[in-house]
2 protein chains.
Amino acid sequence: MCEWIYAGTVKEPFSSVWTREGRPAKSPGLSRDQIVRAAMEILDAEGVDALSMRRLGAKLGSGATSLYWHIAHKDELMELVMDEVYGKVDLPDPEVTSWEDMASILAYGLRAAFVGHPWVIPLVGTMPSLGPNAMRMSSLMLRAFERAGFTSPPLDYAVSTLLAFVLGWTGPELAWRSTLANSGMSGEELDAAMMKTVRQAARNHPDILERFDDYRVKDPDVVRAIAFDFGLTCLLDGLRVRLAECRDRAGAGIPDTASDAASGVTSDTDRAPRT
Amino acid sequence: MCEWIYAGTVKEPFSSVWTREGRPAKSPGLSRDQIVRAAMEILDAEGVDALSMRRLGAKLGSGATSLYWHIAHKDELMELVMDEVYGKVDLPDPEVTSWEDMASILAYGLRAAFVGHPWVIPLVGTMPSLGPNAMRMSSLMLRAFERAGFTSPPLDYAVSTLLAFVLGWTGPELAWRSTLANSGMSGEELDAAMMKTVRQAARNHPDILERFDDYRVKDPDVVRAIAFDFGLTCLLDGLRVRLAECRDRAGAGIPDTASDAASGVTSDTDRAPRT
DNA sequence: ATGGAAATCGAACAGTGTGCGAGTGGATTT
DNA sequence: AAATCCACTCGCACACTGTTCGATTTCCAT
């Protein structure tokens, strides 16, 4: 029950839909694909709360418990629909696309996918993405970055950082968006109510209030898009620097070693013994 | 029920704990603080699934429904505990700290807070962070960045980008971490099982497999810390560039306008009419 | 046609968040 | 001292959840 949010106990170690073979699926009735498709329709139309096994069964014209023949538990279903979202972002051929274009396309594409299926956000922060579509995405990005000259350890860090930015950006953005959308208001009404709320919440922080006043006259969607682009540009600038370092090292014949540069502030997890 | 994951319908427009005055709290019995504290203990000890109103009431020695006098619904409780997590990260005085140190301290501190209370991740991607601690955090960061020379629109984008990176990074990291922790295995057993699973999931992507082989010999915590630092460094490099632009503009007396540079790939939300 | 496997289904269980109305206790007013 | 009021607690009930189990149906290979 809601276990996928933050798994309490996992049935088998590392059990995942992807590690187990699916049912033969030779029957004319239910199939895993149909179930996933129907689940996504419910999710997109009415959000996570609307997706119950009974409801899903009803939509498919069958009993709720019949689903459990094709799917072990609801978590698995969630893994499947999550990967389906990753499948929505399509990337160009990494062999003929610059790593920067690749990164931009991924960022915008993934953001669009998340915006189109907002219910996926809590899932991404909850269960590892091991589905074929997620794998394909990572693989293409790795190929593009490798072709550009990124060498092994930084290569993965670079891709991970990019994904982290998109995810971390889109989450709060969608939190706002859905809160607004579900308020039942629109236009100036909404604007006024929002300002009142934010103003009250930030009443002790004049600098924050100032920011909000700046935004009020602009279309929030446009502001968000510009801000997203700003962050992406920052990241690309940083990655360019790292790429240059990689190329220098490769040119000088120095092997890549993870730089021990985690200096300054450290969390409790930073100083584990190095092997 | 579970509505806070992706709010289906909100009772009042923009209702939030923070916009409403709390109860007088002059009673000797339950108080909002006690409830929040107890909730956090349960969450930290056993995760989100363990936190039910009945359970929480029992821990406080009172009936489950008594809680509803102090708290409107469970979502509100979640807002409260979420802000409590933000309160765990403490920042230095922005007037005497460089913006770069400030950014690093925030990044590592926030990551540590998330790692210490993993159940907060889905919340952050779900409801807007309007609590006093979140506000205080943003306010301090804005002050530090402003003092460094960031000017108005990029100022906010910079802070948002930093937060997005930390959140987006920590989410998947914790997904892995909890999956591992709950597998009930440890040491080599765990390592072997994980590799088997990942290998199977990535069986069609040799480049990904190659990465995992690289990591296997190292302490995953250390690798994660290094990778996090890598991403943070990238971001700071990018922000440094933006800061220089801000200073140039300020020196030339050019007013800040949001650059219309969201070029290239666009999502459906990018091209809303400009006001 | 028949045995067996594949698939479906209904009933039931333990659990969830929360609305409602009846109750409690202590302070304030008459 | 008695009555009133209000903050607060609580048990019951409702509709709903994911999932188990055993019985039942459906279908294919022999």
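Below, chains carry the letters A, B, ... as their sequence lines are ordered, and counting in each starts from 1. Every heavy atom of this structure was used, including side-chain atoms; hydrogens, water molecules and symmetry mates were not.
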### Atom pair distance, as rounded to whole Å: CD1 in B:I71 and P in D:dT9
12 Å
### Summary
note: B:Y68, atom OH; C:dG19, atom C1'; distance rounded to Å ~ 10 Å
#### Entry: Stepwise salt bridge (Lys or Arg N to Asp or Glu O under 4.0 Å) test for A:E41 and A:K59
CA-CA 10 Å; A:E41 284 175 21; A:K59 187 182 178 84; 3.2 Å; yes
#### Entry: Separation of D:dT17 P from A:K74 NZ (nearest whole Å)
8 Å
### Task
Respond yes when some side-chain nitrogen or oxygen of A:H73 is under 4.0 Å from OP1 or OP2 of D:dT20, and no when none is.
no
#### Entry: Sugar-phosphate only, base, or nothing, as touched by A:L51 at under 4.0 Å among non-hydrogen atoms
sugar-phosphate
### Length of the line joining A:L67:CG and D:dT17:C1', which is rounded to integer Å
14 Å
### Query
Are A:Y157 and B:F228 close enough that their ring centres sit under 6.0 Å apart?
no
### Task
Under 4.0 Å from any atom of DNA chain D, heavy atoms only: list the residues of residues 53-63 of chain A that qualify, in numerical order.
A:M53, A:R54
### Task
Keeping the roles fixed (side chain from B:S138, backbone from B:A134), state whether a donor-acceptor pair exists under 3.5 Å.
yes
### Query
Do the side-chain N or O atoms of A:S66 get closer than 4.0 angstrom to the phosphate oxygens (OP1, OP2) of C:dC9?
yes
### Query
Quick check: does any side chain N or O of A:S139 sit under 3.5 Å from a backbone N or O of A:M135, one acting as donor and the other as acceptor?
no
### Task
Please state whether the phosphate of D:dC8, meaning OP1 or OP2, lies under 4.0 angstrom from any side-chain nitrogen or oxygen of B:W69.
yes
### Query
Checking A:S160 side chain against A:D156 main chain: does a donor-acceptor pair fall under 3.5 Å?
yes
### Task
Answer yes or no: is there an ion pair linking A:E173 with A:R111, defined by an N-O contact shorter than 4.0 Å?
yes
### Task
Using modelled atom types only, decide if a donor and an acceptor are shared between the side chain of A:N133 and the backbone of A:Y86 within a distance under 3.5 Å.
no
### Task
Determine: side-chain N/O of A:H70 to OP1/OP2 of C:dA6, distance under 4.0 Å, yes or no.
no
### Query
Under 4.0 Å between a Lys/Arg side-chain N and an Asp/Glu carboxylate O for A:E79 and A:K74?
no
### Task
Determine to 10° how strongly the helix from C:dA1-D:dT30 to C:dT30-D:dA1 is bent, judged from the axes of its five-pair ends.
20°
### Message
At 4.0 Å (heavy atoms only), tell me whether A:T65 reaches a base, stays on the sugar-phosphate, or touches nothing.
### Response
base
### Task
Indicate the ring-plane relationship of B:W119 and B:H117, choosing parallel, tilted or perpendicular according to the 30° and 60° boundaries.
perpendicular
#### Entry: Separation of D:dG18 P from A:D49 CG (nearest whole Å)
11 Å
